[in-house]
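Notes to accompany the following structure.
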Amino acid sequence: MLDIKLIRDNTDAVRKRLADRGRGDEAAIDRIAALDQRRRALITDADKLKALRNSVSKEIGALKAQGQDAGVKMAAMKKVGDDITALDKQIAEVDEQLRAILLTIPNLSHSTVPTGKDAADNPEIRRWGQKPEFAFKPKPHWEIGEALDILDFPRATKISGSGFILYKGAGARLERGLINFLLDLHTTQHGYVEVFPPFLVNRNAMIGTGQLPKFEEDMYRLRDDDLYLAPTAEVPVSNIYREEILRHDQLPIYHCAYTPCFRREAGAAGKETRGMIRVHQFDKVEMVKFSHPDTSYDELEKMVANAEKVLQLLGLHYRVILLCTGDMGFASAKTYDIEVWAPGQNAYLEVSSCSNCEDFQSRRANVRFKDKDGKTKFVHLLNGSGTALARLYVALLETYQQSDGSLLLPEILAPYLGGTRKIGK
RNA sequence: GGAGAGGUGGCUGAGCGGUUGAAAGCGCCGGUCUCGAAAACCGGUUUGGCCGAAAGGUCAACGUGAGUUCAAAUCUCACCCUCUCCGCCA
């Protein structure tokens, strides 16, 4: 959520920066400004009446204590009370309208983010490694997985529908092992404190990180309980300190968490339906940071490096992309995507997205800290995949496939696979 | 799910419907004292909105939301949460 004071004092600048994102959100600015003005006028009026009522009520109390009649004053205050009720009702309505709009306005981009329209305008920042070469035509992961009997797409569909995965045998163990590998890496090498959060989250949590109210149709919802299946661990983990005031010496706080991620992928029908590139449930290890505002961009660079480390240790070729204004997510001020090379697809796949949301989410979730100067401020919230597993799995299968159909995975994974790096004969 | 108890400031814990944004203690910050520290003493110590250049003024908040009243932390109702016991259950 944007600071209403920022919009009030820098209306034109905010309008322009929203226009840069190319979603037409700047159109709401005039309505916000009008509502804000009306809200403040109403509050001023109501507060004056309340001050009057407070002082006269004290007089009434004093009169009654002396056994004198206060009937005239009480009748007058009855009328004032009715006026206050009417004004408070209008304030509540304006507040609600204002809040409803503000919750749908995306974050402003950081000054270092290039202005652009869509993914085609995202600059590539760097590459690591090289595309692997094969003496044969590399197969897509679904062929490899089914031939090895470690992935079973038809049966997953039978159980749940399209877009779900059934891992089997060594394939299931690989998935489990990767989760442990990632958590071990981030907790022992990168300083993150592991958490294991609930997978079902309430509406306030979803509003806090920005999934709601705007993207309701993308979420799985349990209607009877008003709970949602978390689309990413970013939601429960970023909300850990909701409504709290942290001490400045606690910052930065690093958390990482494994959770499955549930996404309806509404509107994505027909895209990447084959295999496990776009699915309704996938595993992910997420990194979340609660940072002092002064250092949040340093923290973002470090977080990207933490995610890159995963791919480096696994020997997977990747590139880092900086998202332009038009391609960034709703809550982010600056986002790097990491895309891993998948030989069977002949394409780069997004396996990580690391964002600094600055105070956009902390303002919604009310996560603050008391700074050295004694002032209470919003923390900066960052989140990044470290990494998404389904696509990492794709890259591993397609990169490390052998001509005989087996897999020869990186040695670093052997401890997580029962001491072997080989899957298949 | 059933029965009972309870939700007040960083913590513990008071609070006859009116001068309580809130006693007291602890903690924390600053000061006096001291070579220094402790102790003692003095002062300060929630958050947000609105008006204002500022000084300051004012409003709101005692789980959440409604209600009664001139006036609600105090009364009424609903909901949420916590604890104890019972039931059920991985």
Side-chain angles (χ1 to χ4, degrees), chain A residues 1-10 32-103 196-208 222-228 236 239-251 253 260 290 359-379:
Chain A
M1 189 156 60
L2 299 183
D3 185 357
I4 184 67
K5 288 178 191 152
L6 181 74
I7 298 174
R8 188 185 299 159
D9 299 337
N10 303 280
I32 291 172
L35 283 168
D36 176 51
Q37 203 158 29
R38 177 162 160 72
R39 173 178 174 276
R40 288 186 291 151
L42 287 167
I43 287 174
T44 301
D45 290 348
D47 280 2
K48 278 182 190 157
L49 290 182
K50 286 176 183 173
L52 173 67
R53 182 177 67 182
N54 285 345
S55 66
V56 174
S57 287
K58 278 183 187 171
E59 291 172 21
I60 291 170
L63 284 174
K64 287 199 149 192
Q66 295 168 25
Q68 297 180 32
D69 176 57
V72 176
K73 286 181 191 286
M74 282 168 63
M77 286 310 103
K78 171 78 174 161
K79 169 76 172 62
V80 170
D82 291 343
D83 291 346
I84 290 172
T85 302
L87 283 170
D88 276 348
K89 194 175 164 220
Q90 291 183 63
I91 292 169
E93 284 167 9
V94 171
D95 259 340
E96 182 49 42
Q97 290 171 34
L98 191 54
R99 179 178 150 79
I101 298 175
L102 281 174
L103 284 176
F196 201 112
F199 302 162
L200 293 175
V201 298
N202 62 31
R203 186 173 175 80
N204 277 339
M206 293 285 269
I207 288 173
L222 308 191
R223 194 165 290 278
D224 289 343
D225 296 289
D226 207 19
L227 290 169
Y228 296 80
N239 277 282
I240 289 176
Y241 305 106
R242 191 169 82 208
E243 304 290 340
E244 292 190 33
I245 300 175
L246 304 165
R247 299 189 317 270
H248 65 80
D249 60 12
Q250 288 178 279
L251 303 179
I253 295 172
F290 300 77
D359 63 3
F360 186 84
Q361 294 178 320
S362 53
R363 191 181 300 282
R364 289 169 162 246
N366 206 19
V367 185
R368 294 172 294 172
F369 73 104
K370 196 176 275 280
D371 206 351
K372 281 199 183 83
D373 60 14
K375 293 215 174 88
T376 303
K377 304 171 183 172
F378 290 106
V379 303

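Labels below follow one simple rule: chain letters A, B, ... track the order of the sequence lines, proteins then strands, and each chain is numbered from 1.
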Any-strand Watson-Crick or G-U partner of [N], both distances under 3.5 Å:
{"N": "B:G56", "value": "B:C51"}
{"N": "B:G9", "value": "none"}
{"N": "B:U76", "value": "B:A66"}
{"N": "B:G1", "value": "B:C86"}
{"N": "B:A14", "value": "none"}
{"N": "B:A37", "value": "none"}
{"N": "B:G27", "value": "B:U45"}

Expressed in angstrom and rounded to an integer, what is the separation of [X] atom [atom1] from [N] atom [atom2]?
{"X": "A:I43", "N": "B:G52", "atom1": "CD1", "atom2": "C1'", "answer": "16 Å"}
{"X": "A:L52", "N": "B:U58", "atom1": "CG", "atom2": "P", "answer": "13 Å"}
{"X": "A:M74", "N": "B:G18", "atom1": "CE", "atom2": "P", "answer": "15 Å"}
{"X": "A:R247", "N": "B:C11", "atom1": "CZ", "atom2": "P", "answer": "13 Å"}
{"X": "A:K50", "N": "B:A61", "atom1": "NZ", "atom2": "C1'", "answer": "11 Å"}
{"X": "A:D371", "N": "B:C29", "atom1": "CG", "atom2": "C1'", "answer": "16 Å"}
{"X": "A:R40", "N": "B:G48", "atom1": "CZ", "atom2": "C1'", "answer": "16 Å"}
{"X": "A:D47", "N": "B:G57", "atom1": "CG", "atom2": "P", "answer": "15 Å"}

Position toward the 5' end of RNA chain B (nearest nucleotide), A:I4 or A:I245: A:I245
Sorted by position of nearest nucleotide on RNA chain B, 5' first, the leading residue of A:R8 and A:K78 is A:R8
Could you tell me the separation between the CG atom of A:D9 and the CG atom of A:D3, rounded to the nearest 0.5 Å? 8.5 Å
Expressed as a whole number of Å, how far does the [atom1] atom of [N] sit from that of [M]?
{"N": "B:C16", "M": "B:U74", "atom1": "P", "value": "12 Å"}
{"N": "B:C81", "M": "B:C89", "atom1": "P", "value": "23 Å"}
{"N": "B:C79", "M": "B:C88", "atom1": "C1'", "value": "25 Å"}
{"N": "B:U46", "M": "B:A39", "atom1": "P", "value": "23 Å"}
{"N": "B:G7", "M": "B:G13", "atom1": "C1'", "value": "14 Å"}
{"N": "B:U45", "M": "B:G9", "atom1": "C1'", "value": "10 Å"}
{"N": "B:A37", "M": "B:A53", "atom1": "C1'", "value": "46 Å"}
{"N": "B:C50", "M": "B:U69", "atom1": "P", "value": "31 Å"}

Heavy-atom check, side chain of [X] versus side chain of [Y], under 4.5 Å:
{"X": "A:R8", "Y": "A:K5", "result": "yes"}
{"X": "A:I7", "Y": "A:L102", "result": "yes"}
{"X": "A:L35", "Y": "A:R39", "result": "no"}
{"X": "A:K48", "Y": "A:L87", "result": "no"}
{"X": "A:L222", "Y": "A:L200", "result": "yes"}

In residues 53-70 of chain A, what residues come within less than 4.0 Å of RNA chain B, judged by heavy atoms? A:R53, A:N54, A:S57, A:I60, A:G61, A:K64
According to a strict under-4.0 Å criterion, is [X] in side-chain N/O contact with OP1 or OP2 of [N]?
{"X": "A:K48", "N": "B:G57", "value": "no"}
{"X": "A:K370", "N": "B:G10", "value": "no"}
{"X": "A:T44", "N": "B:U58", "value": "no"}

Does atom NZ of A:K73 have more than 12 heavy-atom neighbours from other groups under 6.0 Å away? no
Students often get this wrong, so: under 4.0 angstrom with heavy atoms, is A:K5 touching a base, only sugar-phosphate, or nothing? sugar-phosphate
Enumerate donor-acceptor pairs with a distance under 3.5 Å from any side-chain N or O in residues 240-247 of chain A to protein atoms, sequence neighbours excluded.
{"from": "A:Y241", "atom 1": "OH", "to": "A:H255", "atom 2": "NE2", "distance (Å)": "2.8"}
{"from": "A:E243", "atom 1": "OE1", "to": "A:N366", "atom 2": "ND2", "distance (Å)": "3.2"}
{"from": "A:R247", "atom 1": "NE", "to": "A:D249", "atom 2": "OD1", "distance (Å)": "3.0"}
{"from": "A:R247", "atom 1": "NH2", "to": "A:D249", "atom 2": "OD1", "distance (Å)": "3.4"}

Any idea which heavy atoms bring A:M77 and A:R53 closest together, and the distance? SD-CA, 3.7 Å
